[in-house]
K.L.:
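The structure under discussion is supplied below as structure tokens; questions concerning it will follow.
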Amino acid sequence: MEHIDHILVVDDDHGIRTGIVDYLRKNGLRASAAADGREMFAQLDSSAFDLVVLDIMMPGDDGLVLCRTLRGGKHKHVPVVLLTARDDETDRIIGLEMGADDYVTKPFSPRELLARIKAVIRRTRMLPPNLRVTESSDVIAFGRWRLDTTARHLLDEDGTVVSLSGAEFRLLRVFLDHPQRVLSRDQLLNLTQGRDAELFDRSIDLLVSRLRQRLQDGAREQTYIKTVRSEGYVFSMPVILNGDQP
């Protein structure tokens, strides 16, 4: 039986959430609605969802708080598209940092929202199943390095701090989420840049080169990030999450 994607729409405005639900259903998707965080988690506990559409501006726990809570719990793998009433760069950046996969600014066209939903689901499914994720870990160890995910910097074996740019941090997190898996350049572009991805391979090659420099990973030795000819890159070092046994 063909799978029909199930979307959960979370918005305190009755008219907006029912309008989105009706539009998604008319376009062949399953859709359910929740008015707040309590209803959202109750629905997530009772049914399987492929994506959550989450409004930022809600009374009580807003969408940013709920997104962060979602990412830290048992439903952390469910993709999230945020709805924001303000074209505010700060909201968008914070939302993405909280773990959202994309955002749409109100007022929006239902057609645009549908396109964003489909793009996020497609991007999520590009990766093989059963991949290890690091969202719940504050410190991730690999080789002679540790990544402090709160401060967003590297520490070497002597505790010396190595700062990372935002792009370098995102790329390293992708590799640490999926060790020993060959990732294509398209996958890396989508996972690190999302909606702003520039569809050319060279940008990822340059970013990998910069990250190798941070890790003191020689182009010839390739201890951490290995090039797989005609396929992409693989992070070859075992990853230890805080709380795991070496």
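Excluded from the calculations below are hydrogen atoms, water molecules and symmetry mates; all remaining heavy atoms, backbone and side chain alike, are included.
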K.L.:
Verify the ring-centre separation between Phe142 and Phe175: is it less than 6.0 angstrom?
P.N.:
no

K.L.:
Test your reading of the model: is there a side-chain donor-acceptor pair from Glu112 to the backbone of Val104, 3.5 Å cut-off?
P.N.:
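No; zero donor-acceptor contacts below 3.5 Å.
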
K.L.:
Quick one: does Leu44's side chain get under 4.5 Å of Val52's, heavy atoms only?
P.N.:
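With C-beta onward as the side chain, the pair touches.
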
K.L.:
Are Gln216 and Asp156 close enough that some pair of their side-chain heavy atoms sits under 4.5 Å apart?
P.N.:
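SC-SC contact between Gln216 and Asp156 ruled out.
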
K.L.:
List the atom pairs, donor and acceptor, that lie under 3.5 Å between side-chain atoms in residues 30-41 and the rest of the protein, sequence neighbours left out.
P.N.:
from	atom 1	to	atom 2	distance (Å)
Ser32	OG	His6	NE2	2.8
Asp36	OD1	Arg38	N	3.3
Asp36	OD1	Glu39	N	2.9
Glu39	OE1	Ala35	N	2.8

K.L.:
Please name the pair of heavy atoms, one in Phe49 and one in Gln43, separated by the smallest distance, quoted to 0.1 Å.
P.N.:
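Looking at all heavy atoms of both residues, the shortest contact is CE1-O, 3.3 Å.
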
K.L.:
Look only at the side chain of Ser236 and the backbone of Thr223, and say whether a donor-acceptor pair between them is shorter than 3.5 Å.
P.N.:
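Checked: pair present.
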
K.L.:
Between the main-chain N or O of Ile204 and the side-chain N or O of Arg185, is there a donor-acceptor pair closer than 3.5 Å?
P.N.:
no

K.L.:
Stepwise, does the side-chain contact (heavy atoms from CB on, under 4.5 Å) test hold for Lys26 with Leu114?
P.N.:
CA-CA 11 Å; Lys26 288 176 182 177; Leu114 177 61; over 6 Å; no

K.L.:
side-chain contact (heavy atoms from CB on, under 4.5 Å), that's the test. Do Ile121 and Ile7 meet it? Break it down for me.
P.N.:
CA-CA 10 Å; Ile121 291 175; Ile7 313 302; 4.0 Å; yes

K.L.:
Do Leu207 and Val162 belong to the same hydrophobic cluster, where Ile, Leu, Val, Met, Phe, Trp and Tyr are linked whenever their side-chain heavy atoms lie under 4.5 Å apart, directly or via other members?
P.N.:
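Same cluster.
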
K.L.:
Distance from Leu172 atom CG to Arg170 atom CZ, nearest 0.5 Å?
P.N.:
12.0 Å

K.L.:
Quick check: is Leu155 connected to Phe169 through a chain of hydrophobic side chains (ILVMFWY, heavy atoms under 4.5 Å apart)?
P.N.:
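Looking at the clustering, Leu155 is in a separate group from Phe169.
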
K.L.:
Can you list every pair that meets side chain to side chain donor-acceptor pair (under 3.5 Å) and has a residue in residues 53-63, with sequence neighbours left out?
P.N.:
Asp55-Lys106

K.L.:
Are the side chain of Asp102 and the backbone of Arg116 linked by a donor-acceptor contact shorter than 3.5 Å?
P.N.:
no

K.L.:
Please check this pair: side chain of Asp5 against backbone of Leu29, looking for a donor-acceptor N/O pair closer than 3.5 Å.
P.N.:
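Not at all, since once roles are kept as given, no pair shorter than 3.5 Å links the two residues.
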
K.L.:
Does the side-chain contact (heavy atoms from CB on, under 4.5 Å) test come out yes or no for Leu113 and Leu24, once each step is laid out?
P.N.:
CA-CA 9 Å; Leu113 177 59; Leu24 296 179; 5.5 Å; no

K.L.:
Side chains of Gln187 and His178: closer than 4.5 Å at any heavy-atom pair?
P.N.:
no

K.L.:
With side-chain contact (heavy atoms from CB on, under 4.5 Å) as the test, would you mind laying out the steps for Val161 and Asp148 before giving the verdict?
P.N.:
CA-CA 10 Å; Val161 172; Asp148 185 326; over 6 Å; no

K.L.:
Less than 4.5 Å apart, any side-chain heavy atom of Tyr233 and any of Asp205?
P.N.:
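Tyr233 reaches Asp205 side chain to side chain.
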
K.L.:
For Cys67 and Val80, which heavy atoms make the closest approach, and how far apart are they?
P.N.:
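Smallest interatomic distance, heavy atoms only, reads SG-CG1, 4.3 Å.
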
K.L.:
Taking distance alone, no hydrogens or angles, what donor-acceptor pairs closer than 3.5 Å link side-chain atoms of residues 14-23 to residues at least two apart or in another chain?
P.N.:
from	atom 1	to	atom 2	distance (Å)
Arg17	NH1	Asp11	O	2.9
Arg17	NH1	Asp12	O	3.3
Thr18	OG1	His14	O	2.8
Thr18	OG1	Gly15	O	3.2

